[in-house]
A.B. asks: 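Input: one structure, supplied below.
Each ligand, and each atom within it, is numbered from 1 in the order the structure gives. Hydrogens, waters and symmetry mates are skipped; everything else that's a heavy atom, side chains included, is used.
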Amino acid sequence: MTESDSYDVIVVGAGVVGPTVATALARQGRKVMIVERDWSMPDRIVGELMQPGGLKALRELGMIQAINNIEAIHVSGYYILFGGSELNIDYPEKTDANRTNQTIPVPDCVKDDNDKVLTDSTIKSEEWDNDPRVRGVAFRHGEFLMNLRKITKSEPNVTAVEGNVTQMIKSPDDPNRVIGVRVKKNKDVYEEYYAKVTIACDGIYSKFRKELGEDYAPTVESHFVGLSLMNCDLPSKYRGHVVLGTEHFPVIIYQISPEETRILCAYKSTKTPPQAELYQYLQSKVLPGLPKPIRPSFSAALETRKFRVMPNQYLPARKQGRDLKGYILIGDSLNMRHPLTGGGMTVGLNDAVLLTKLLHPENIEDLSNQALLEKRLLQFHTKRKNLDGVINTLSIALYSLFAADSRPLKILQKGCYQYFLRGGSCVSGPIGLLSGMLPFPMILFNHFFSVAFFAIYCNIVARGLLGFPMAIYEAFETLYTAVVIFTPYIIRELM
Ligand SMILES: Cc1cc2nc3c(=O)[nH]c(=O)nc-3n(C[C@H](O)[C@H](O)[C@H](O)COP(=O)(O)OP(=O)(O)OC[C@H]3O[C@@H](n4cnc5c(N)ncnc54)[C@H](O)[C@@H]3O)c2cc1C
């Protein structure tokens with residue numbers, strides 16, 4: 001065992017969030033070490049569509065160019081297919097988005113136009129700048145990550161280490177204070193590194209979230225099965241596609257490079273389903289429900305049997321700073337939601353922005369000042385709630401509606417789609433929330449219950465005079481279901 005230098009900050013994990021936190025803190029003059037167990041390009045089916053709110057955070061961090069030179073495809077909004085009916089939804093207008101949610105750079109992070117998208121083989125910066133609406137982007141996750149890591153490694157204040165963090169080291173004088181990490185570098189070589197603050201960004205399967213409590217664990221209700229569609233014709237180019245059907249759970253589709261399109265098919269199961277069962281489901285239920293142009297590439301992908309399964313986990317964030325000192329969780333290790341709405345990176349990157357603003361030397365000069373750090377982390381917990389409360393609750397609520405498996409949920413599902421068809425604020429509000437550009441829980445609350453009452457109204461109209469008594473019964477049932485779906489999550493997220 002050897003003991004090396006100590007740092008201001010150790011960041012564990014170089015996924016989506018780790019490199020952004022490490023870069024921002026280093027640019028603010030902190031001495032940072034980032035440790036990642038595998039610096040080679042990952043091949044994952046997660047984090048491939050970034051909402052405009054995530055891009056805004058990357059601009060604020062001066063790291064937007066991580067989306068360049070990876071053949072990224074811009075996203076202008078969503079296309080929804082429901083029972084044979086199609087609907088295109090655009091992302092918000094820039095003027096509206098900027099009014100409610102201004103771009104404010106993280107101090108010391110934005111310089112030399114590093115907040116500007118560049119022109120490359122798939123991105124035209126002029127087009128991006130002149131688009132009156134905000135944009136999202138889709139890309140191959142591994143290549144995006146490699147760009148983020150390259151930016152981080154180029155910072156003079158960052159030391160990048162490869163190794164598996166096996167343990168948080170606690171102070172011999174105070175078992176409630178983390179003072180560093182133990183890293184397994186290879187077979188029998190371990191090293192210890194010390195820092196004033198250790199930030200764990202170890203992602204979905206985090207080993208270190210349990211440091212905040214043995215009961216701090218996510219729940220799983222469903223899985224996503226991912227397949228690669230090659231040279232697939234999408235009905236509405238430059239949009240995320242959501243396919244809803246009565247025979248299958250929601251399906252999302254987006255183009256991640258000029259040749260490759262990702263399809264993620266939800267499957268309701270708390271355990272990882274066997275491949276044979278999935279194949280049967282995809283073949284008999286999902287395939288017939290897909291838009292016609294997508295079916296040939298989906299059939300071809302099915303026959304390769306290369307489908308990958310990921311759990312869709314939910315984990316509300318915990319308050320930090322008091323029980324365990326010198327230790328911070330951020331990203332998926334702190335907080336997860338359903339990936340249906342593609343909001344994970346947006347929440348994680350916005351947390352990186354908020355945290356690094358709060359930890360700027362002007363707000364806390366000495367990171368070992370525990371009392372001040374605790375205060376900053378309390379501010380972090382409170383301030384992040386608006387965006388994370390909206391994105392997390394929306395993801396769960398929309399998944400419940402879109403995967404409707406009971407009569408009241410089906411009424412809500414139909415009502416939700418008809419609500420979107422009305423256009424105007426019935427669309428601009430929900431897409432503003434989903435895109436991360438409208439981080440206001442009251443607006444979510446308002447739209448959710450407007451959908452519920454509108455669904456009840458549509459159901460009364462559809463039942464007609466003879467079905468009126470039944471419609472009244474269903475009205476109570478639907479309202480009760482809406483309250484039961486929504487309220488626990490909004491309370492858990494905001495309280
Ligand atoms: C199926 C699915 C699809 C998704 N799709 C989207 C999407 O389209 N858009 C979106 O915004 N979000 C999406 N998400 C969520 C998104 O992927 C996450 O929110 C995001 O990756 C979180 O970033 P992170 O840095 O916290 O964790 P990760 O990106 O998972 O990074 C964690 C890093 O820590 C490293 N690590 C872990 N343990 C250790 C250790 N002990 N020592 C050293 N290193 C370690 C890992 O190797 C990894 O590099 C999806 C999630 C799922 C499950």
A.B. asks: Taking only heavy atoms of G163 into account, list the atoms of ligand 1 that are under 4.0 Å away from them.
C.D. replies: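 Those of ligand 1 that fall under 4.0 Å from G163 are 42 (N), 43 (C).
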
A.B. asks: Please check whether G342 reaches ligand 1 - meaning an N/O of the residue sits under 3.5 Å from an N/O of the ligand, judged on distance alone.
C.D. replies: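 Yes, there is a polar N/O contact under 3.5 Å.
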
A.B. asks: What protein heavy atom lies closest to atom 39 (C) of ligand 1? Include the residue and the distance to one decimal.
C.D. replies: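 Checked against all protein heavy atoms, atom 39 (C) of ligand 1 sits closest to R37 NH1, 3.7 Å.
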
A.B. asks: Taking 4.0 Å as the limit for heavy-atom contacts, which would you say applies to Q167 with ligand 1: side chain only, backbone only, both, or neither?
C.D. replies: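 The answer is neither; Q167 stays 4.0 Å or more away.
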
A.B. asks: With a 4.0 Å cut-off, would you call D43 and R308 a salt bridge?
C.D. replies: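 A salt bridge links D43 with R308.
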
A.B. asks: Check for me whether Q313 has a heavy atom closer than 4.0 Å to any atom of ligand 1.
C.D. replies: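 It does not; every heavy atom stays at 4.0 Å or beyond.
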
A.B. asks: Between R27 and E155, is there a side-chain N and carboxylate O pair less than 4.0 Å apart?
C.D. replies: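 A salt bridge links R27 with E155.
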
A.B. asks: Closest by any non-hydrogen atom to atom 41 (N) of ligand 1: pick that one out of N164, L49, L329.
C.D. replies: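 Going through N164, L49, L329 one by one, N164 has the nearest heavy atom to atom 41 (N) of ligand 1.
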
A.B. asks: Among all protein non-hydrogen atoms, which one is nearest to atom 30 (O) of ligand 1, and what is the separation to 0.1 Å?
C.D. replies: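 The closest heavy atom on the protein side is R44 NH1, 3.0 Å.
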
A.B. asks: So, do R262 and I45 sit near enough that their side-chain heavy atoms are less than 4.5 Å apart?
C.D. replies: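 Yes - at least one pair of side-chain heavy atoms lies under 4.5 Å apart.
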
A.B. asks: Closer than 4.0 Å to some heavy atom of E48 - which atoms of ligand 1 meet that?
C.D. replies: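 The atoms of ligand 1 under 4.0 Å from a heavy atom of E48 are 7 (C), 8 (O).
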
A.B. asks: Which atom names give the shortest non-hydrogen contact between V75 and A138, and what distance separates them?
C.D. replies: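 Minimum heavy-atom separation between V75 and A138: CG2-N, 3.8 Å.
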
A.B. asks: Could you find the nearest protein heavy atom to atom 1 (C) of ligand 1 and give me its residue, atom name and distance?
C.D. replies: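 Protein heavy atom with the smallest distance to atom 1 (C) of ligand 1: M310 CB, 3.7 Å.
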
A.B. asks: Considering non-hydrogen atoms of the protein only, which is the closest contact for atom 32 (C) of ligand 1, and what is the distance?
C.D. replies: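 Answer for atom 32 (C) of ligand 1: C201 O, 3.4 Å.
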
A.B. asks: Under 4.0 Å from a heavy atom of P311: which atoms of ligand 1 are those, numbered in the order shown and with their elements?
C.D. replies: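 Counting from 1, the qualifying ligand atoms are 53 (C).
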
A.B. asks: Using the benzene-type ring in the case of Trp, are the ring centres of Y238 and H74 under 6.0 Å apart?
C.D. replies: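 For Y238 and H74, the ring centres are under 6.0 Å apart.
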
A.B. asks: Find out whether Q167 and V181 are in side-chain contact, i.e. whether some heavy atom of one side chain is under 4.5 Å from a heavy atom of the other.
C.D. replies: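 A side-chain contact is absent here, since even the closest heavy-atom pair is not under 4.5 Å.
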
A.B. asks: Tell me, please: is M50 in heavy-atom contact with ligand 1, that is, under 4.0 Å?
C.D. replies: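 No, M50 has no heavy atoms under 4.0 Å from ligand 1.
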
A.B. asks: Does NZ or CZ of R295 come closer than 6.0 Å to the centre of the six-membered ring of F298, within 45° of the ring's axis?
C.D. replies: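 Here R295 fails the 6.0 Å and 45° test against F298.
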
A.B. asks: Taking the inter-plane angle between the rings of F224 and H338 on a 0 to 90° scale, is it parallel (under 30°), tilted (30 to 60°) or perpendicular (over 60°)?
C.D. replies: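 Ring orientation, 0 to 90° scale: perpendicular.
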
A.B. asks: Quick test of your reading of the model: are E191 and K184 salt-bridged, counting only N-O distances below 4.0 Å?
C.D. replies: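 So E191 does not pair with K184 through a salt bridge.
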
A.B. asks: Among all protein heavy atoms in this structure, tell me which lies nearest to atom 49 (O) of ligand 1, with the distance rounded to 0.1 Å.
C.D. replies: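 That would be E36 OE1, 2.7 Å.
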
A.B. asks: So F139 and F144, would you call those rings parallel, tilted or perpendicular, with 30° and 60° as cut-offs?
C.D. replies: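 Parallel.
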
A.B. asks: With heavy atoms of R149 as the reference, note each atom of ligand 1 found under 4.0 Å away.
C.D. replies: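 So the atoms of ligand 1 that pass are 49 (O).
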
A.B. asks: Please report which non-hydrogen protein atom sits nearest to atom 25 (O) of ligand 1, along with the residue it belongs to and the distance in Å to one decimal place.
C.D. replies: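 Looking only at protein heavy atoms, the one closest to atom 25 (O) of ligand 1 is V17 N, 2.9 Å.
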
A.B. asks: Taking N or O atoms only and a 3.5 Å limit, does I45 qualify as a polar contact for ligand 1?
C.D. replies: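 Not met; the criterion fails.
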
A.B. asks: Quick one: which ligand 1 atoms are inside 4.0 Å of a heavy atom on Y254?
C.D. replies: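 Once the distances to Y254 are compared, the set is 8 (O).
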
A.B. asks: Would you say P339 and V46 make side-chain contact, with heavy atoms under 4.5 Å?
C.D. replies: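 Answer no - side chains too far apart.
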
A.B. asks: Once you measure the plane-to-plane angle for F249 and Y281, does it fall in the parallel (<30°), tilted (30-60°) or perpendicular (>60°) bin?
C.D. replies: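 Tilted, since the angle between the ring planes falls between 30° and 60°.
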
A.B. asks: Heavy-atom contacts with P339 under 4.0 Å: which atoms of ligand 1 show up? List them by number with element.
C.D. replies: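 This gives 2 (C), 3 (C), 4 (C), 50 (C), 51 (C), 52 (C) as the contact atoms.
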
A.B. asks: Is the closest basic N to carboxylate O distance between R318 and D215 below 4.0 Å?
C.D. replies: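 Answer for the salt bridge query: yes.
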
A.B. asks: Which protein non-hydrogen atom lies closest to atom 18 (C) of ligand 1, naming both residue and atom, and how far is it?
C.D. replies: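 For atom 18 (C) of ligand 1, the nearest protein heavy atom comes out as D332 OD2, 3.2 Å.
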
A.B. asks: Under the criterion salt bridge (Lys or Arg N to Asp or Glu O under 4.0 Å), which of K383, R384, K357 is the partner of D351?
C.D. replies: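 Answer after filtering K383, R384, K357: R384.
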
A.B. asks: Relative to the heavy atoms of G331, which atoms of ligand 1 are at a distance of less than 4.0 Å?
C.D. replies: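 Answer, ordered by atom number: 26 (O).
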
A.B. asks: Purely on distance, is any nitrogen or oxygen of M345 under 3.5 Å from one on ligand 1?
C.D. replies: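 N/O-N/O distance under 3.5 Å: yes.
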
A.B. asks: To check your reading of the model: name the closest protein heavy atom to atom 13 (C) of ligand 1, its residue, and the distance in Å.
C.D. replies: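 Sorting protein heavy atoms by distance from atom 13 (C) of ligand 1 puts G47 N, 3.5 Å first.
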
A.B. asks: Should A14 be listed as contacting ligand 1, given a heavy-atom distance under 4.0 Å as the test?
C.D. replies: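 Yes, A14 has a heavy atom closer than 4.0 Å to ligand 1.
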
A.B. asks: Any non-hydrogen atom of S206 lying under 4.0 Å from ligand 1?
C.D. replies: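 S206 does not count as a contact of ligand 1 under the 4.0 Å cut-off.
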
